[in-house]
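Right, one structure below, let's go through it.
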Amino acid sequence: MTGLLPVSGAALSADARLLSAIRDVGARRGVDFDYTDDAATAELLGRHRRTLSAAEHGPLMWLGSLALVAAVVWPFLGHAVPAFEGRPELAFGPAGPLLVVAVASLVVVRRRWKRELLHPRLAGYREVLGLARAHGVPVTHVPGWLVGRSLSGDRETVPVPAYAEVTYAEVEPLPAGPTLPAGPASSEGTDKTTETEEAARKATEGAAPTTPPPAIPSKPASVASYEAMADEGGWHDEAGCLLLFVGIGGVAWAFSEENPLGYLASVLAVPLAITTWLAGARQGRERQRLREAAVEYVRALSAAQSAGAAVPELSPALRKLLEEEAEKVRG
């Protein structure tokens, strides 16, 4: 799952104009890196992803978070401690230094995270993705951490730059000219052309035949079903618990008020809660089955990309699945 790159080196190298623009990116940013090398690019992304994760979940982040919680809670709990009674400097005073420590720690974490995100090679890779889109090369997905969504929610801190779409002008055929009469010069030119074609034919006879690009796996119906129902459900547990509470409340009301209608509500609500839970369990099993099919499909796309195929852009559901599987692999 983690082997699927946003765009393969083969797709970047297929367009001479795009390849030239990518080389200009490295020269402009002063980095000596080949973005068309898939293995080196995967190692680059993995290394910086680990560094960003360490900044997000490191000791300084924990220190800042705990100090912030303590600073917020202290004024409410400090005056309740008997030993601090009549001593406001102990009941409320520590909240100030704790808040300073929390803010300083979180600011340092944020600056380290942002500095790593703006690393020249990562910034250059974001430019490469923007250039690929501008040249019509499909980008399968853009990892959330690469554009700074991990600490900023849905907002992209450093989005992929957008460039104007590159269009290729069609070359019109030259108008047909007058036919020259055959003569000695024409005969000589024809002989030379024939000799050139013969030499080219002999030169290409021993050459290895060009290998056609591998085919992109077709999307199975199960994957399309997963994309359609990826965000559905999730309410069965809550609804079942609510119905169960209604049934328990009905029994309690019927017992206290000696009204049999409460028992009737319980008889209706409890079976409905069980039915809701069973429906949720069935939907969960079906979603898990479709999820496994989607994982296999993305793995097949990754293998095709490694073989040189230009993988199309993933759907939002598959991009989310890719992020979840990558987080699961990282632990």
Side-chain angles (χ1 to χ4, degrees), residues 1-15 18 22 33-53 56 121-122 125-126 128-130 132-133 135-147 149-150 154 156 160 211-234 282-331:
M1 290 293 291
T2 55
L4 185 64
L5 293 173
V7 62
S8 66
L12 295 176
S13 304
D15 190 328
L18 173 57
I22 291 173
F33 187 81
D34 184 9
Y35 290 107
T36 61
D37 187 339
D38 289 344
T41 302
E43 194 275 335
L44 170 74
L45 296 179
R47 183 175 68 253
H48 285 283
R49 177 65 187 95
R50 289 189 295 270
T51 305
L52 285 169
S53 180
E56 296 171 6
R121 289 188 175 182
L122 286 185
Y125 190 65
R126 285 190 291 270
V128 169
L129 297 183
R133 285 175 171 173
H135 285 76
V137 176
V139 176
T140 61
H141 69 290
V142 178
W145 66 266
L146 183 61
V147 292
R149 277 204 301 263
S150 46
D154 292 333
E156 295 183 354
V160 172
T211 304
I216 300 174
S218 58
K219 182 184 295 186
S222 56
V223 177
S225 301
Y226 173 79
E227 293 173 335
M229 68 176 301
D231 296 327
E232 294 180 1
R282 284 195 301 270
Q283 188 183 62
R285 288 193 297 269
E286 178 66 12
R287 183 185 292 110
Q288 182 62 29
R289 184 186 69 82
L290 297 177
R291 178 189 176 90
E292 292 174 358
V295 169
E296 291 300 323
Y297 172 67
V298 176
R299 285 175 179 164
L301 289 179
S302 178
Q305 185 187 68
S306 301
V311 178
E313 182 178 359
L314 299 181
S315 65
L318 292 182
R319 290 199 298 268
K320 183 179 179 181
L321 174 67
L322 191 64
E323 293 280 350
E324 292 174 354
E325 289 295 315
E327 289 293 335
K328 187 186 300 183
V329 170
R330 284 188 292 267

Passes side chain to side chain contact (heavy atoms under 4.5 Å, CB included), E227 versus L314? Steps please.
CA-CA 11 Å; E227 293 173 335; L314 299 181; over 6 Å; no
In plain terms, say whether E323 and R319 are close enough for a salt bridge, that is, a side-chain N and a carboxylate O under 4.0 Å apart.
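Not counted as a salt bridge, because no side-chain N and carboxylate O are separated by less than 4.0 Å.
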Could you tell me which residues satisfy salt bridge (Lys or Arg N to Asp or Glu O under 4.0 Å) with R282, sequence neighbours excluded, listed by chain and number?
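None.
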Kindly indicate, with the supporting measurements, whether the criterion side chain to side chain contact (heavy atoms under 4.5 Å, CB included) is fulfilled by T140 and L5.
CA-CA 7 Å; T140 61; L5 293 173; over 6 Å; no
Out of curiosity, [X] [atom1] to [Y] [atom2], how far, rounded to the nearest 0.5 Å?
{"X": "H141", "Y": "L4", "atom1": "NE2", "atom2": "CG", "value": "5.5 Å"}
{"X": "I22", "Y": "H135", "atom1": "CD1", "atom2": "NE2", "value": "8.5 Å"}
{"X": "R291", "Y": "Y226", "atom1": "CZ", "atom2": "OH", "value": "5.0 Å"}
{"X": "F33", "Y": "Y125", "atom1": "CZ", "atom2": "OH", "value": "9.0 Å"}
{"X": "W145", "Y": "E56", "atom1": "CH2", "atom2": "CD", "value": "10.5 Å"}
{"X": "L18", "Y": "S13", "atom1": "CG", "atom2": "OG", "value": "8.5 Å"}

For R289, all residues meeting side-chain contact (heavy atoms from CB on, under 4.5 Å), sequence neighbours excluded:
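side-chain contact (heavy atoms from CB on, under 4.5 Å) check on R289 returns E286.
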Check the pair R121 / R47 against side chain to side chain contact (heavy atoms under 4.5 Å, CB included), numbers first and verdict last.
CA-CA 12 Å; R121 289 188 175 182; R47 183 175 68 253; 4.2 Å; yes
Can you name the closest pair of heavy atoms from [X] and [Y] and give their distance?
{"X": "P217", "Y": "Y297", "result": "O-CE1, 3.7 Å"}
{"X": "V311", "Y": "Q305", "result": "CG2-CB, 3.5 Å"}
{"X": "V139", "Y": "A132", "result": "CG2-CB, 4.2 Å"}

Does any N or O in the side chain of T41 come within less than 3.5 Å of the main-chain N or O of D37, such that one atom is a donor and the other an acceptor?
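Present.
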With a 3.5 Å distance limit and no angle check, can you tell me whether S222 reaches the backbone of A294 through a side-chain donor-acceptor pair?
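Absent.
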Quick one, P6 and V142 - any side-chain contact, counting heavy atoms below 4.5 Å?
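Side-chain contact under 4.5 Å: no.
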For residues E43 and D38, determine if any side-chain heavy atom of one lies less than 4.5 Å from a side-chain heavy atom of the other.
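No; the side chains remain at least 4.5 Å from each other.
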Does the side chain to side chain contact (heavy atoms under 4.5 Å, CB included) test come out yes or no for H48 and L146, once each step is laid out?
CA-CA 9 Å; H48 285 283; L146 183 61; over 6 Å; no
